[in-house]
Engineer: 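Let me begin by handing over the structure; questions about it come next.
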Amino acid sequence: MSGPSFAGRDIVSVRDFSRREIDHVLGMAEVMEPLLRKGSDMLHGRIMATLFFEASTRTRLSFESAMTRLGGTALGFAETKGTSVEKGENLADTVRVVERYADVLVIRHPLEGAARMAAEFASVPVINAGSGAEEHPTQALLDLYTMRKELGTIDGLTIGMIGDLRYGRTVHSLAYALSQYKVKLLLISPDILRMRREVLEEVSKKIDVEESASLKEHLKEMDVIYMTRVQKERFADLQEYEKVKGSYRLIAEDLSKTKKNSIVMHPLPRVDEVDPDVDSSPHAKYFQQVGNGVVLRMGLLGLVLGVL
Ligand code: NCD
């Protein structure tokens, strides 16, 4: 298949990819759709290792599901308890060991830069499944895929990111990725959770960005309402968290004020920022978003393992 080559590549940051490459990954996710239920033996005999040093439900299970759907095998750990990390093994050694057992490594780690470091030590492809508050590139790709699938296009959209834009890694990766498209970004957060400066600086060079503290004021403008959880675990001072938790809460009634085709997205897990009464609204797409994570990761695994 023609297109940019991904075989053997690391997926550490969305900033490492051009728009053409991102579009190619999204195209591959679409190709994977029919295989989601039917399955395939495309990755038969291949092994993926998941090294998760931090909590996860969706990311780890969707990678495992994607690998299994394509006929491959998954192994790994979901917490460091019971692994040699408890004995003091460092990340570089863990990576150089596990790469002997697998063809691709999927890593989640609380430290920023951990995935980049793992990629430097590993000779097999490394996929960043979340590096501290820094980035979560595969989430950004599945978010783009969801926008394209639900709204038919990414160019031309006004996308609101709401909540914790400081510690939320999904919004960092998503903002970088969206800066390759012709979109407008509305960054809505309490003052202390404003978008990370380095992301804001880079992204606002390329696209129109507006910051605000009010969700209600901007409901009418958004095509995508991307809600996020306040990342309690990243606060050094829990009193600060107490001040901003519950800053935004989207309720079903708010949706009567939005564009007819607007969609509500959330990387999940949610705490209280999206009321359960939104779930039955046709605007709510966060569970579809979860499903899109599987096809996206099927495509990505196929690409980095060189079979697509
Ligand atoms: C996100 C994460 O881990 O960054 N979860 C996910 O992977 N879908 C978002 C979050 O934890 O709030």
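Below, all heavy atoms of this structure are taken into account, side chains as well, without hydrogens, waters or symmetry copies. For ligands, and for the atoms within them, numbers begin at 1 and follow the listed sequence. Since we're looking at a predicted model, the values are computed, not measured.
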Engineer: Quick one: list whatever passes salt bridge (charged side-chain N to carboxylate O under 4.0 Å, His left out) with R249, sequence neighbours left out.
Structural biologist: D275
Engineer: Could you list the residues that satisfy ring-ring contact (aromatic ring centres under 6.0 Å, His included) with Y241, not counting sequence neighbours?
Structural biologist: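 Y241: ring-ring contact (aromatic ring centres under 6.0 Å, His included) contacts with F235.
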Engineer: Show the atom names and distances, to 0.1 Å, of all donor-acceptor pairs under 3.5 Å that link a side chain in residues 117-124 to residues at least two apart or in another chain.
Structural biologist:
from, atom 1, to, atom 2, distance (Å)
S123, OG, E99, OE1, 2.8

Engineer: Do L250 and L219 come close enough that some side-chain heavy atom pair is under 4.5 Å?
Structural biologist: yes
Engineer: Taking S262 for the side chain and T258 for the main chain, is one N or O donor matched with an acceptor at less than 3.5 Å?
Structural biologist: no
Engineer: Under 3.5 Å, side chain of D155 to main-chain N/O of K182, donor-acceptor pair present?
Structural biologist: yes
Engineer: Report all N/O contacts between ligand 1 and the protein shorter than 3.5 Å as a table of atom names and distances to 0.1 Å; if there are none, say 'none'.
Structural biologist:
from, atom 1, to, atom 2, distance (Å)
ligand 1, 3 (O), R108, NH1, 3.4
ligand 1, 3 (O), R108, NH2, 3.2
ligand 1, 3 (O), R169, NH2, 2.9
ligand 1, 4 (O), R169, NE, 2.7
ligand 1, 5 (N), L268, O, 3.0
ligand 1, 7 (O), T59, OG1, 2.9
ligand 1, 7 (O), R108, NH2, 3.1
ligand 1, 7 (O), H136, NE2, 2.8
ligand 1, 8 (N), Q139, OE1, 3.2
ligand 1, 8 (N), P267, O, 2.9
ligand 1, 8 (N), L268, O, 3.1
ligand 1, 11 (O), R229, NH2, 2.9
ligand 1, 12 (O), R229, NE, 2.9
ligand 1, 12 (O), R229, NH2, 3.3
ligand 1, 12 (O), Q231, NE2, 2.8

